[in-house]
Structure formats: C-alpha cells, structure tokens
Amino acid sequence: MPQPADSPVQREAETTIIGLASKLLHVELSERTVRLPGGSLVEIDGATKDLSVLVQAFARQGPMKGGQKRKVALDVLKLITVRKHHPDANVCLAFCDESARESITGWAAEAIDIWDVKTFVVPLDEDLRNRLLRSQAMKFR
C-alpha cells in the first residue's frame, strides 16, 4: 500500500524499477503479499511466485534523507525476516540512482552486508527520471 507521501510518479518509478529488476535478474517479479507463520502480512515490491527472489524498490534521485534511509533499514529488516522463513531466497534492494544507493551508510550499510542483501541500480529513462526529480522538488517546497 502506498505511503501518504508517495506520489503517482514515485509509484510509477517503483513499478518501472521492479520491471527493470526482473530483466536484470532474469526472473518474473510482481508485487506480493507474504503471510508469515505468526499471521503477519508483509508487502514485497517484487517477488517471484516461489519467493526465491525478493526485491524492494527505491525511487529516489540523489542522496536519501533521514526518513528515506530509515525506510531502507526497515525494508532490510522486512526482507531478512521473510528470508528467515524462506532460507534460499535472494533478497535485494533496487535503486534507480547510484547516489541514493551510496547514501546508505553506517549500521544500515553494515546490516546490508552482514545479512547478504544484494543492492543494485537500474537506470530510469530520462523522461521518468526528470518527472521523478520534479516530484521530489515539489515535496520539499
């Protein structure tokens, strides 16, 4: 479910990122709801039907800010929790900008490394990238 601060452009970018991740990873990814053994539901941006690949997408151009970095950390926790119940799953964070990925530092970066969460960048086309940049600029006025 989109967060209240999400824009239609951000959601479009996240969908595009998952589509590009599908091509990069050579698997079919789609949004999935996973039920954990305790009954909790987890929303995954992109997952294979068999949950062997789980991907969270981040539609951010430029370095992430505090709340966005916290979202990455929470998504890492989400991915490794699902992987606890699907131990063979490959878990990934997909960014659309290298500076966004590089802005994840400190303990969150160490957790990504320790828990073997793969990260990669898929470039958006120029039109979507520019619309995303305009959308981001509008949020911080």
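What you see is a predicted model; the values in this text were computed from it and never measured.
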May I ask you to decide if Val53's main-chain N or O and Thr48's side chain share a donor-acceptor pair within less than 3.5 Å?
yes
By the ring-ring contact (aromatic ring centres under 6.0 Å, His included) test, which pairs, at least two apart or in different chains, include something from residues 27-55?
none
Taking Gly39's backbone N and O only, do any of them form a donor-acceptor pair with Arg35's side chain (distance below 3.5 Å, no angle check)?
yes
Quick one: side-chain contact (heavy atoms from CB on, under 4.5 Å) partners of Thr81, sequence neighbours excluded?
Leu36, Leu77
Do side-chain atoms of Arg11 reach the backbone of Glu14 as a donor and acceptor pair under 3.5 angstrom?
no
Rounded to the nearest 0.5 Å, what separation is found between the SG atom of Cys92 and the CG atom of Leu79?
8.0 Å
Summary of salt bridge (Lys or Arg N to Asp or Glu O under 4.0 Å) pairs that have at least one residue in residues 49-58, sequence neighbours excluded
none
When you look at Val76 and Val91, which way does the side-chain contact (heavy atoms from CB on, under 4.5 Å) test go after all the steps?
CA-CA 9 Å; Val76 168; Val91 295; over 6 Å; no
Can Asp127 and Arg131 be said to form a salt bridge (charged side-chain N to carboxylate O under 4.0 Å, His left out), step by step?
CA-CA 6 Å; Asp127 174 63; Arg131 289 188 290 125; 3.1 Å; yes
CG-CG distance between Leu54 and Leu93, expressed to the nearest 0.5 angstrom
11.0 Å
With a 3.5 Å distance limit and no angle check, can you tell me whether Gln136 reaches the backbone of Gln61 through a side-chain donor-acceptor pair?
yes
Not counting sequence neighbours, which residues clear side-chain hydrogen bond (donor to acceptor under 3.5 Å, both in side chains) with Thr33? List them please.
Glu43
With distance as the sole test, does Ser52 use its side chain to make a donor-acceptor pair with the main-chain N or O of Ala89 at under 3.5 Å?
no
Is the closest side-chain heavy-atom distance between Arg60 and Lys65 below 4.5 Å?
yes
Distance col, row Ile112:CD1 vs Ile80:CD1, nearest 0.5 angstrom, shows 10.5 Å
Per the ring-ring contact (aromatic ring centres under 6.0 Å, His included) rule, what does the pair list look like for residues 110-130, sequence neighbours excluded?
none
Shared hydrophobic cluster for Val117 and Val27 (ILVMFWY, side-chain gaps under 4.5 Å)
no
Hey, could you give me each pair passing side-chain hydrogen bond (donor to acceptor under 3.5 Å, both in side chains) that has a residue in residues 15-30? Not counting sequence neighbours.
Ser30-Arg32
Would you say the side chain of Arg129 lies within less than 4.5 Å of the side chain of Asp97, judging by non-hydrogen atoms?
no
Sorted by first residue and then second, give each salt bridge (Lys or Arg N to Asp or Glu O under 4.0 Å) pair with at least one member in residues 105-123; sequence neighbours left out.
Asp116-Lys118
Under the rule for salt bridge (Lys or Arg N to Asp or Glu O under 4.0 Å), what residues qualify as partners of Asp125, not counting sequence neighbours?
none
Is there a donor-acceptor pair closer than 3.5 Å between any side-chain N or O of Arg101 and the backbone N or O of Thr119?
yes
Note: Met64 and Ala100 closest approach over all heavy atoms is CG-O, 4.0 Å
Can you name the side-chain contact (heavy atoms from CB on, under 4.5 Å) partners of Glu102, sequence neighbours left out?
Glu98
Check for a donor-acceptor pair, side chain of Gln56 on one end and backbone N or O of Gly46 on the other, with a separation under 3.5 Å.
no
Salt bridge (Lys or Arg N to Asp or Glu O under 4.0 Å) against Asp75, all qualifying residues, sequence neighbours excluded
Lys71, Lys78
Rounded at 0.5 Å granularity, tell me how far CD1 in Ile17 sits from CG in Asp45.
9.0 Å
I need the Ile18 CD1 to Glu31 CD distance, nearest 0.5 Å.
9.0 Å
Between Ile44 and Val55, does a side-chain contact (heavy atoms from CB on, under 4.5 Å) hold up when you go through it step by step?
CA-CA 7 Å; Ile44 303 293; Val55 180; 5.9 Å; no
Between Cys96 and Leu132, which heavy-atom pair has the shortest distance, and what is it?
SG-CD2, 4.1 Å
By the ring-ring contact (aromatic ring centres under 6.0 Å, His included) test, which pairs, at least two apart or in different chains, include something from residues 59-84?
none
Not counting sequence neighbours, list each pair that qualifies as a ring-ring contact (aromatic ring centres under 6.0 Å, His included) and has a residue in residues 35-63.
Phe58-Phe95
Shortest non-hydrogen contact from Ala21 toward Val122
N-CG1, 4.3 Å
So which heavy atom on His85 is nearest to which on Pro37, and how close?
ND1-CG, 3.4 Å
